[in-house]
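Report on the structure given below.
First listed ligand is number 1; within each ligand, the first listed atom is number 1.
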Amino acid sequence: MPSKPISIVVIGGSHAGLGVSHRLLRRISPTSEATPIRLTLINPSNEYYFNIAAPRFLVKPGSLSSNQYLYPIAHSFQGYPDGSFNFVRGLVRRIDKNDKVVQVERLGKKEQKGQGEEDITSVDEETISYSYDYLVIASGSTTPATLGLTGLKIPFKADGLEDTRSGIENASKELAAAKSVVIGGGGPLGVELAGELAEAAGPKKRINLVSRSEALLTSPGMGAMEDVRVGNKAESLLRAKGVEVLKSAMVEKVTQDPETKKWIVELMPTGQRIEADAYVDTTGTIPNNVFIPKSYLNDDGWVNVDAHFRVVDGETSRSDTYAVGDITCHPYRLLSRISGQAEAVVSNIEASIGGQKRLVTYSAEAQRKMLVVPVGQSTGAGHFGGWPLIGCLVWYFKGRDFLAYKALKFLMGEAH
Ligand SMILES: Cc1cc2nc3c(=O)[nH]c(=O)nc-3n(C[C@H](O)[C@H](O)[C@H](O)COP(=O)(O)OP(=O)(O)OC[C@H]3O[C@@H](n4cnc5c(N)ncnc54)[C@H](O)[C@@H]3O)c2cc1C
């Protein structure tokens with residue numbers, strides 16, 4: 001007689017959650033006699049959003065079609081045995097760590113009882129609860145612009161509560177219509193967006209890029225990725241495209257004139273005021289953590305994990321709860337870090353199910369550092385393990401389509 005399936009719940013259907021889910025279903029046979037698994041993936045949207053290419057498709061909508069950056073999630077799991085996978089469109093509202101249950105606000109079809117039924121502990125019109133043996137938190141992060149906190153509302157990250165397609169369309173139209181744009185933040189996103197805007201519109205559009213640090217791409221959070229030479233190269237490429245780069249300046253206040261709809265951006269320490277048709281905030285990373293027990297979080301709101309990605313609850317590593325991707329306390333919240341992290345999480349869940357003590361260890365510092373920042377289609381700046389990249393290599397690695405050619409691999413948890 002086959003054993004009762006082990007129930008694994010994954011919260012978040014983006015790069016990290018999908019990477020872990022597909023790897024788990026491939027590695028731990030859902031039909032295994034000894035340890036079958038049943039995986040429930042919870043995400044507020046039906047679609048996987050390849051946000052990495054956002055600077056390209058927001059500014060040049062014709063360059064990529066929507067099916068190169070939006071993919072139906074459930075469809076990608078069709079190849080696994082019946083009953084082994086269950087997709088729930090919803091937003092996790094609460095983790096009950098003692099009873100090992102997650103409570104989900106239902107956003108999809110209400111008659112979704114059926115698949116994964118065995119793990120449902122309660123259901124009503126608004127919510128549905130799932131019990132778990134193992135939980136993987138992959139709820140990631142959002143940005144001020146995604147939430148529309150300052151300046152234009154732009155879906156740099158998935159915002160499952162709204163229609164991503166219409167969000168993209170609206171933001172794209174506003175960026176195209178603006179004759180003047182101020183971009184706050186001289187990190188990779190600010191530089192990439194400025195490069196795309198300048199290339200698409202030429203001298204017709206006035207673009208100001210405001211950078212807090214003296215060199216671009218060296219903002220706090222870049223850590224060991226930063227390299228002043230790369231920042232200087234990006235700056236000279238942007239200036240050649242007509243972008244005005246304001247360095248050692250901070251955006252102090254942003255307001256919108258209710259009549260003219262112009263944005264007024266005030267800078268520190270100079271007191272300079274710039275009026276523009278659009279202000280785009282590319283700064284800040286905000287953890288999606290409202291539903292996570294406070295005892296799992298560090299002072300900045302990220303989930304504490306040990307070197308094996310087990311969630312640290314107070315002082316204790318939990319062997320039933322893992323976190324992966326942006327939501328963890330690991331530095332460098334980057335897509336390029338996810339494959340290594342997902343591999344470690346999956347190996348360690350597999351080891352735990354099999355009763356093995358030896359766990360895979362992940363070190364953020366050991367992974368090779370690289371930075372690839374296109375400035376327009378055909379050139380850009382970057383380094384690979386400290387070796388500077390020439391413009392055509394930046395085109396080859398990223399600039400040609402902002403990695404859209406790899407999106408399907410990320411969706412299937414096959415990218416490295
Ligand atoms: C515009 C942009 C460009 C970038 N470009 C690069 C790049 O070129 N290279 C690179 O390495 N990195 C890049 N990054 C960083 C990269 O996007 C992140 O590292 C990556 O998205 C992290 O993936 P994740 O799956 O951990 O989290 P996220 O992508 O943030 O996904 C989290 C998922 O969880 C869901 N979720 C949130 N809360 C809940 C809940 N309560 N219940 C259920 N689901 C929930 C969300 O809707 C989302 O689907 C870029 C970031 C931005 C904003």
Side-chain angles (χ1 to χ4, degrees), residues 9-21 40-59 69 73 87-95 102-107 136-146 154-162 164 168 171 185 187-193 196 221 225 280-292 302-303 323-328 330-342 345 367 369-374 380 382 394 397-399 402-404 406 410-411 413 415:
V9 169
V10 178
I11 303 172
S14 181
H15 321 291
L18 289 164
V20 165
S21 300
T40 297
L41 173 65
I42 305 163
N43 194 61
S45 162
N46 284 326
E47 289 179 312
Y48 165 59
Y49 179 40
F50 191 72
N51 68 311
I52 308 303
R56 174 64 47 82
F57 60 72
L58 284 164
V59 176
Y69 54 82
I73 290 174
F87 176 72
V88 178
R89 179 160 179 240
L91 203 58
V92 175
R93 289 295 185 200
R94 192 163 169 266
I95 297 171
V102 291
Q103 189 190 63
V104 185
E105 179 188 333
R106 308 171 77 189
L107 302 171
V136 179
I137 305 172
S139 55
S141 65
T142 188
T143 74
T146 308
I154 303 194
F156 288 135
K157 279 296 191 93
D159 179 357
L161 296 180
E162 297 186 28
T164 312
I168 291 169
L189 178 54
V191 169
E192 288 175 354
L193 196 69
E196 292 299 302
M225 303 290 171
V280 183
D281 187 352
T282 65
T283 65
T285 311
I286 303 164
N288 292 328
N289 65 7
V290 280
F291 64 95
I292 301 174
W302 305 102
V303 174
V324 60
D326 276 17
I327 191 61
T328 70
H330 276 291
Y332 316 128
R333 296 196 164 81
L334 291 167
L335 177 71
S336 52
R337 300 266 140 173
I338 283 174
S339 146
Q341 296 187 358
V345 170
Q367 193 172 334
K369 318 278 184 303
M370 70 182 291
L371 180 67
V372 187
V373 184
V394 176
F397 285 130
K398 189 166 174 195
F402 271 69
L403 302 180
K406 280 178 91 171
F410 281 105
L411 165 72

Q) Stepwise, does the side chain to side chain donor-acceptor pair (under 3.5 Å) test hold for Asn43 with Ser45? A) CA-CA 6 Å; Asn43 194 61; Ser45 162; 4.7 Å; no
Q) Between Asp326 and Arg337, is the closest basic N to carboxylate O distance under 4.0 Å? A) no
Q. Is Glu192 paired with Arg56 through a side-chain N to carboxylate O contact shorter than 4.0 Å?
A. no
Q: Would you check if Asn289 and Ile327 make a side-chain contact, meaning some heavy-atom pair closer than 4.5 Å?
A: yes
Q. How would you list, by chain and number, the residues with a heavy atom under 4.0 angstrom from ligand 1?
A. Ile11, Gly12, Ser14, His15, Ala16, Ile42, Asn43, Pro44, Asn51, Ile52, Gly90, Leu91, Val92, Ala138, Ser139, Gly140, Ser141, Phe156, Lys157, Leu189, Asn288, Phe291, Gly325, Asp326, Arg333, Leu334, Leu335, Ser336, Ile338, Lys398
**Q.** Closest non-hydrogen atom pair between Leu58 and Ile168, with its separation
**A.** CD2-O, 3.8 Å
Q) How are the rings of Tyr69 and Phe57 set relative to one another: parallel (under 30°), tilted (30 to 60°) or perpendicular (over 60°)? A) parallel
